[in-house]
Amino acid sequence: MIDINILRNNPELVKENIKRKFQDQKLPLVDEVVELDKTLRLLKKEGDDKRREKNETSSQIGKLIAQGKKDEAEKMKALVGKINKRITEIEDEEQKISARVKKIMLTIPNFVSADVPVGKDDSENVQLNTYLEAKEKPFEVPYHTEILEKLGGIDLDSARRTSGQGFYYLTGDIARLHSAILTYARDFMIDRGYTYVIPPYMIRSDVVSGVMSFDEMDNMMYKIEGEDLYLIGTSEHSMIGRFMNTILDEKSLPLKLTSYSPCFRKEKGAHGIEERGIYRIHQFEKQEMIIVCKPEDSDKYYDELWQNTVDFFVSMQIPVRTLACCTGDLADLKYKSLDVEAWSPRQKKYFEVGSCSNLTDAQARRLGIRYKTEKGNVFAHTLNNTVVAPPRMIIAFVENHLNADGSVNIPPVLQPYMGGKTKIEIKK
RNA sequence: GGAGACGUAUCGAAGUGGUCGCAACGAGCUUGACUCGAAAUCAAGUUGUCGGUUUACCCCGGCACGUGGGUUCGAAUCCCACCGUCUCCGCCA
């Protein structure tokens with residue numbers, strides 16, 4: 001969602017942005033929305049004038065009745081009746097047009113940062129940097145489920161019976177490792193000055209439709225039967241929903257928050273759930289970070305956010321790289337986005353473990369997140385990023401720390417969270 | 001889950017259909033006066049949002065009294081639904 005004033009004053013700027021983002025695809029209806037907006041304001045003016053007339057006439061009726069002039073009052077009532085009829089007509093027209101405007105506005109993407117590479121889809125994302133050397137193992141690395149099974153750490157068969165495909169039981173040291181990673185991630189972020197938050201894991205439909213499109217909602221969200229509640233797909237939903245339609249105190253910014261939650265996703269559509277193991281699943285847990293800040297600070301905090309994730313993985317001795325999302329892979333609300341990918345010694349390539357985004361004011365505008373300044377209320381900028389999402393991250397963990405005998409090393413930073421253990425041994 | 005009370009601006013709070021009354025009044029905050037300075041006192045100002053006009057300010061108007069509908073010429077006020085808060089009872093980790 002972009003500012004309609006920008007469209008009014010400089011539609012060419014919007015068109016250029018769309019061309020850059022979608023390249024040769026057809027343009028959303030910028031000209032149409034500019035015209036409709038003009039009509040809408042004319043209607044608004046006429047409606048306001050009519051309402052004014054109605055208010056004035058009605059209060060005269062009150063005075064006439066007080067003076068006992070009933071006949072005159074009756075005549076005035078008829079007049080207001082006519083005005084009301086016209087007001088209804090105008091309102092119907094306004095509603096029709098503004099629904100159309102809103103629909104088009106939702107398809108107009110956010111402005112894209114000048115440094116976002118141009119490309120058609122995720123295959124044209126651009127590597128920015130690598131951290132730690134991506135080493136291959138001197139032995140063959142098995143599929144992650146096999147590693148985990150040898151460690152006595154996973155039971156997918158039972159999960160399929162109790163819950164179906166896309167669920168898991170983690171057991172023993174692997175379950176403990178899962179918790180340890182999250183707890184360490186929490187402390188890691190708290191140490192960097194972020195406020196820890198545990199949000200609601202279910203949210204109402206009005207919040208859901210605020211934070212995502214209808215299609216996304218259908219493809220991702222589980223609904224609670226008989227209640228107006230949905231299971232969250234990420235804590236970002238509750239974390240950002242928290243500030244919906246609020247006016248924040250300027251002094252409270254930036255809000256730097258880190259949240260934990262389980263995440264529930266249907267994973268209908270594009271990739272599906274058929275991938276083996278725990279890469280893509282219906283239920284996982286995630287430590288997230290979000291920032292709500294002033295517009296002039298969002299570039300700075302974007303870099304801070306992704307750096308947090310890189311540092312976190314490096315501290316656990318897992319090689320990662322950063323990848324700039326190209327224009328074609330960038331969601332409409334995003335100004336800029338970067339994936340953090342972890343090294344997979346088995347696949348000998350990197351795979352996504354986190355995603356960092358600056359939405360500038362697009363999300364705030366859609367949700368009504370503002371802050372008070374001396375000159376009036378302005379829309380804040382919002383950013384979000386993954387700290388870590390096990391169990392997906394467990395895949396990178398066991399592959400990178402795997403020994404030839406099947407055991408898995410625990411890096412020093414995690415050892416305190418694992419009762420001092422330095423290694424997870426295979427189950428005899 | 002049951003019974004009751006309630007939701008008004010930054011906070012407290014009045015307001016049971018129009019005029020007297022521009023959402024009273026009180027507190028807070030801002031500015032000014034007074035003062036060597038402060039307190040006290042006095043005066044003025046102090047919600048958001050959309051549109052018109054505008055470089056901007058100002059000004060004019062519409063809308064908003066939890067949210068959404070309804071009744072009426074006219075709704076903070078009457079009716080309906082929903083959301084939320086509080087008190088008591090019940091149940092419970």
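Note that these values count all heavy atoms, side chains included, but never hydrogens, waters or copies made by symmetry. Proteins come first, then strands; the chains are lettered A, B, ... in the order of their sequence lines, and each starts at number 1. Remember, predicted model here, so these are calculated numbers, not experimental data.
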Spacing of the [atom1] atoms in [M] and [N] (rounded, Å):
N     : M     : atom1 : answer
B/G62 : B/A76 : P     : 13 Å
B/A56 : B/C50 : P     : 15 Å
B/G15 : B/A9  : P     : 16 Å
B/A64 : B/G69 : P     : 11 Å
B/C73 : B/A5  : C1'   : 35 Å
B/C89 : B/A81 : C1'   : 27 Å
B/U16 : B/G90 : P     : 38 Å
B/C88 : B/G28 : P     : 32 Å

Nearest nucleotide by nearest heavy atom, which residue falls closer to the 5' end of RNA chain B, A/Ala78 or A/Val378?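 Its nearest nucleotide being more 5', the pick is A/Val378.
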For A/Lys45 and A/Lys54, find the nucleotide of RNA chain B closest to each by heavy atoms; which residue's nucleotide sits nearer the 5' end?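 Its nearest nucleotide lies further toward 5', so the answer is A/Lys45.
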Rounded to the nearest Å, what distance is computed from the [atom1] atom of residue [X] to the [atom2] atom of nucleotide [N]?
X        : N     : atom1 : atom2 : answer
A/Glu91  : B/C50 : CD    : C1'   : 14 Å
A/Asn55  : B/U72 : CG    : C1'   : 14 Å
A/Lys75  : B/G74 : NZ    : P     : 20 Å
A/Asp228 : B/G68 : CG    : P     : 16 Å
A/Met76  : B/U72 : CE    : C1'   : 17 Å
A/Leu43  : B/C63 : CG    : P     : 17 Å
A/Glu94  : B/G62 : CD    : C1'   : 10 Å
A/Phe379 : B/G48 : CZ    : C1'   : 12 Å

Taking 4.0 angstrom as the limit, do A/Glu16 and A/Lys19 come out as a salt bridge?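 Result for this pair is no, no salt bridge flagged.
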Note: A/Asp329-A/Lys120 ion pair, threshold 4.0 Å (strictly below):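 Not counted as a salt bridge, because no side-chain N and carboxylate O are separated by less than 4.0 Å.
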Options [options], nucleotide nearest the side-chain atoms of [X]:
X        : options             : result
A/Arg41  : B/C73, B/G48, B/G51 : B/G51
A/Asn377 : B/U49, B/C73, B/G52 : B/U49
A/Arg370 : B/G48, B/C73, B/G51 : B/G48
A/Arg204 : B/G84, B/G61, B/C63 : B/G84
A/Lys44  : B/G48, B/G61, B/C73 : B/G61

Exercise: do A/Ser235 and A/Glu288 side chains pair donor with acceptor under 3.5 Å: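 Note: A/Ser235 and A/Glu288 side chains miss the donor-acceptor criterion.
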Does A/Asp48 make a side-chain donor-acceptor contact with the base of B/G51, cut-off 3.5 Å?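 Under the 3.5 Å cut-off, the side chain and the base do not form any donor-acceptor pair.
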Taking only side-chain N and O atoms of [X], does any of them lie within less than 4.0 angstrom of OP1 or OP2 on [N]?
X       : N     : answer
A/Arg52 : B/G51 : no
A/Asn84 : B/G74 : yes
A/Arg51 : B/C50 : no

Reckon A/Ile65 touches a base, only the sugar-phosphate, or nothing at all at heavy-atom distances under 4.0 Å?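 The residue A/Ile65 makes base contact.
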Output, in order, the C-alpha distance, side-chain angles, deciding distance and verdict of side chain to side chain contact (heavy atoms under 4.5 Å, CB included) for A/Glu399 and A/Leu402. CA-CA 5 Å; A/Glu399 286 192 12; A/Leu402 184 67; 5.9 Å; no
Does [N] have a Watson-Crick or wobble mate here (both distances under 3.5 Å), and if so which one?
N     : result
B/A27 : B/U10
B/G1  : B/C89
B/U54 : none
B/U41 : B/A33
B/U71 : none
B/A64 : B/U47
B/G17 : none

Is A/Lys150 atom NZ crowded by more than 12 heavy atoms from other residues, nucleotides or ligands, each under 6.0 Å away?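 Not more than 12 within 6.0 Å, no.
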Counting only heavy atoms from other residues, nucleotides and ligands, does the tally under 6.0 Å from CD of A/Glu296 exceed 12?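 It does: A/Glu296 CD has more than 12 such atoms within range.
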Are A/His282 and A/Phe264 an aromatic pair by the rule of ring centers under 6.0 Å?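 Between A/His282 and A/Phe264, the centre distance exceeds or equals 6.0 Å.
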Take A/Tyr417 and A/Ile410 through the test side chain to side chain contact (heavy atoms under 4.5 Å, CB included) and record every step on the way to the result. CA-CA 10 Å; A/Tyr417 295 95; A/Ile410 299 168; over 6 Å; no
